[in-house]
Amino acid sequence: MELVAEGLWALADDSERRRDFAGAVKCLEALCQSGASLLPMIEIRTRLRLASLLLSHSHNLNHAKSHLERALLLLKSTPSALPLKFRAHSLLSRCYDLTGNVPQQKHIILRALTLLRTAEPSALPPSAALLWSCNFHSQLASALVIEADYPAALKSLDEGFSAASELRLPELQMFFAASTLHVHLFHWDDPATLEAAARHSSEIWDSFSPDLKERCRGLLFYNELLQTFYLFKICDYKSATQHVNKLDAAMKEDQKQLSHVKELVGELNTVNQSLAQLNLQGKSNTTLREKQDLLHDQLRAATGIDEEMLGFEDKILLGPPPLDGEWLPRNAVYALVDLVVVLQGRPKGVFKDCGKRIHSGMKLIREELQKLGIGVNQREMDIQHSDIWIAGQYLLLLMQFLENKVALELTRSDYIEAQETIVQMRNWFIRFPTILQACESIIEMLRGQYAHSVGCFHESAFHFLEATKLTQSKSMQSMCQIYAAVSYICIGDAESSSQALDLVGPIYKIMDSFVGVREKTCIVFAYGLLLMRQHNLQEARVRLASGLKIAHQQLGNIQLVSQYLTILGTLALQLHDTEQAREILKSSLTLAKTLYDVPTQIWVLSVLTGIRAHVGFS
């Protein structure tokens, strides 16, 4: 029976190399269902491999779970075989993760950690024990984050980092340092601790040799994206630029490498097929064998892993076995890079490139959604349970791109296209209301921005205030209240100005409590408008000048700078400083032209026309 098992394992190997995963599963299942009495170790290994294939390449999670539970039952009566026991626990943890059973996942991980702690030192090499410790602490931290138990997750990551340090594996240390930063970005309870986590992650990465950085491209993307999101949050866009540039360069290099790997894999498959045909005919070909070996070597050199590690084109790995972890699939990472390029470039007015990146990112996401069976008609209940998490990531990314697309279109005064994009977002939300729950307030806010852009100020104020009711985010609530206040100010009557004051007043008092200065610049902008409405012109000039300085020096938001200049130019005119008003407005017009910001251009030109009429009349 051992020879039969080895033969079926070899057939499964061959099927897996040809990406015939269904064929590989059939070979292994044939062994389990043969009815013959199998040696325990043969059955255990077969079931573990079957479970791994089912988890990675099917939706049959219950089948995988039954194989793992049977394997664990057999392993109970096996005194040694610790690596197989840990493998079974790790796969079962993954199975519970995919089914959303967090309590069971935590239970199986804690059981594995207990087994690891109580194992005889001679039963497992120290390096293997530490690697498994890293694996289980990483899985435990992920489960704890799902439960929002951030302190416990950070503690688990700290234990994983200690194990990685004992192993003296800098790439594993980097994995845990970056994961710690990731959890802090979720939690954001103490700015100083978060800053320290970001600095620690950067210091470890900077200590890598160029060769190690090249081999750890998954960690490069992970760290640089986390650093970028951190700097975006604190509004340090100048520092974020270098990280965005690194990400963009790394993505292009990775795409180039991926193309080369696909060519090698294609050649290898052709050689393998030719050799298989010759084998069937009882013939041999030394030249083909040599070419096969050469292609194997080239693949190892190109990927840093054995060619048998399938799915390289889909994954950007974050750690060595047994972790083999990935943060997100390769195309999701590419889409995220496109998104950060858009977020960095849009405030600077780099609209042409932003438009290309939005198109590129959305194309990638729609292709991945299609692979998950999500097209124009599918709804939330149609998604396979094991696909819910990754489908949610793609859908949230898609909404981010659509949100930026609306902002671009409103700036260009392409109102029809903006309206159609908002309708797209609304349709996605209707079909996936649970996954996209956080996007409901964003859609309502965009409806408000659209209404404001076309001069429907009562309607825009309504949408902005509705958006505040649909989110728990203090930042989002404050921004929407400010937008509503600006709409009320634009209405122009006494009652609307009073409503604007009621909205701006309380937020103005707490504006320094927000992380970064994005909220502060918008609050100061609205407050300056209110002061102008109240004819407190000198105070308005002081406040608006301070807001302009922040917008220019810290945010680097050219569109906001242009709007600040337009208001200050209008204010100078009201103060009868015609010459200064003209100079300020010319600067604003230059910036608005750079941005293709049609509404601001019209606004500036109307004020400049008023100056000429005033001067002519005088």
Side-chain angles (χ1 to χ4, degrees), residues 1-78 80-99 108 265 268-284 289 292 296 305-315 321-322 324 371 373 384-387:
M1 200 62 203
E2 287 182 53
L3 290 174
V4 173
E6 287 176 7
L8 287 169
W9 284 351
L11 284 172
D13 285 342
D14 184 60
S15 296
E16 203 172 344
R17 272 194 292 270
R18 291 185 283 104
R19 303 187 70 79
D20 179 10
F21 302 114
V25 167
K26 285 178 182 176
C27 290
L28 298 170
E29 283 187 334
L31 189 55
C32 291
Q33 297 168 4
S34 64
S37 179
L38 296 174
L39 290 173
M41 292 308 293
I42 289 177
E43 185 176 350
I44 289 165
R45 290 178 187 278
T46 303
R47 290 187 183 277
L48 289 180
R49 183 148 175 219
L50 251 174
S52 181
L53 279 168
L54 290 168
L55 287 174
S56 298
H57 304 291
S58 81
H59 298 294
N60 203 339
L61 301 181
N62 288 329
H63 198 181
K65 182 168 164 282
S66 66
H67 281 299
L68 290 169
E69 287 170 344
R70 172 64 180 164
L72 275 173
L73 191 64
L74 291 169
L75 281 163
K76 271 187 177 179
S77 57
T78 309
S80 56
L82 273 179
L84 290 177
K85 289 180 181 180
F86 292 139
R87 178 71 174 153
H89 280 80
S90 185
L91 286 170
L92 195 52
S93 163
R94 185 176 159 204
C95 189
Y96 287 132
D97 178 39
L98 290 170
T99 55
I108 201 73
V265 169
L268 183 60
N269 287 339
T270 303
V271 170
N272 287 339
Q273 287 170 9
S274 300
L275 284 170
Q277 289 171 359
L278 288 171
N279 287 337
L280 287 172
Q281 298 166 14
K283 299 177 182 178
S284 181
R289 289 286 179 195
Q292 185 187 50
H296 285 171
I305 56 177
D306 289 336
E307 74 281 351
E308 283 81 6
M309 190 175 281
L310 298 165
F312 172 81
E313 65 271 27
D314 301 320
K315 297 180 179 180
D324 295 339
K371 291 177 187 176
Q384 294 283 349
H385 203 291
S386 57
D387 289 336

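By convention here, the first residue in the shown sequence is residue 1. All values below were derived from every heavy atom in this structure, side-chain atoms included, with hydrogens, water molecules and symmetry-related copies excluded. Predicted model only: the values in this text are computed from it and were never measured.
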For side chain to side chain contact (heavy atoms under 4.5 Å, CB included), just list the numbers for Leu84 and Met41, CA-CA rounded to whole Å, side-chain angles, deciding distance to a tenth of an Å, and then say yes or no. CA-CA 9 Å; Leu84 290 177; Met41 292 308 293; 3.0 Å; yes
Should Thr78 and Ile44 be marked as a side chain to side chain contact (heavy atoms under 4.5 Å, CB included) after you check the CA-CA gap, both sets of side-chain angles, and the distance that decides it? CA-CA 10 Å; Thr78 309; Ile44 289 165; 4.2 Å; yes
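For the salt bridge (charged side-chain N to carboxylate O under 4.0 Å, His left out) test, residues two or more places apart in sequence or in another chain that qualify with Glu43 are Arg47, Arg70. When the salt bridge (charged side-chain N to carboxylate O under 4.0 Å, His left out) test is applied to Arg49, the partners found at least two apart in sequence or on another chain are Asp13, Glu16.
Atom CG of residue Leu68 and atom CG of residue Leu55 lie 6.5 Å apart, to the nearest 0.5 angstrom. The line from CG of Leu98 to NE2 of His385 is 9.5 Å long, rounded to the nearest 0.5 Å. Expressed to the nearest 0.5 Å, how far CG of Asn60 lies from NE2 of His67 amounts to 8.0 Å. Expressed to the nearest 0.5 Å, how far OG1 of Thr46 lies from CG of Leu50 amounts to 7.5 Å. Interatomic distance, OG of Ser386 versus CG of Leu54, reported as 11.0 Å (0.5 Å rounding). The distance from the CG atom of Leu61 to the CZ atom of Arg94 is 9.5 Å, given to the nearest 0.5 Å.
The nearest pair of heavy atoms linking Leu268 to Gln292 is CD1-CG, 4.0 Å. The minimum heavy-atom distance linking Ile108 with His89 is given by the pair O-CD2, 3.5 Å. Nearest heavy-atom pair, Ser15 versus Ala24, reported as atom, atom and distance to 0.1 Å: CB-N, 3.5 Å. Taking each heavy atom of Trp9 and Leu28 in turn, the nearest pair found is CD1-CD2, 3.7 Å.
Not a single donor-acceptor pair under 3.5 Å links the side chain of Ser56 to the backbone N or O of Leu53. No donor-acceptor pair closer than 3.5 Å links the side chain of Ser52 to the backbone N or O of Leu48.
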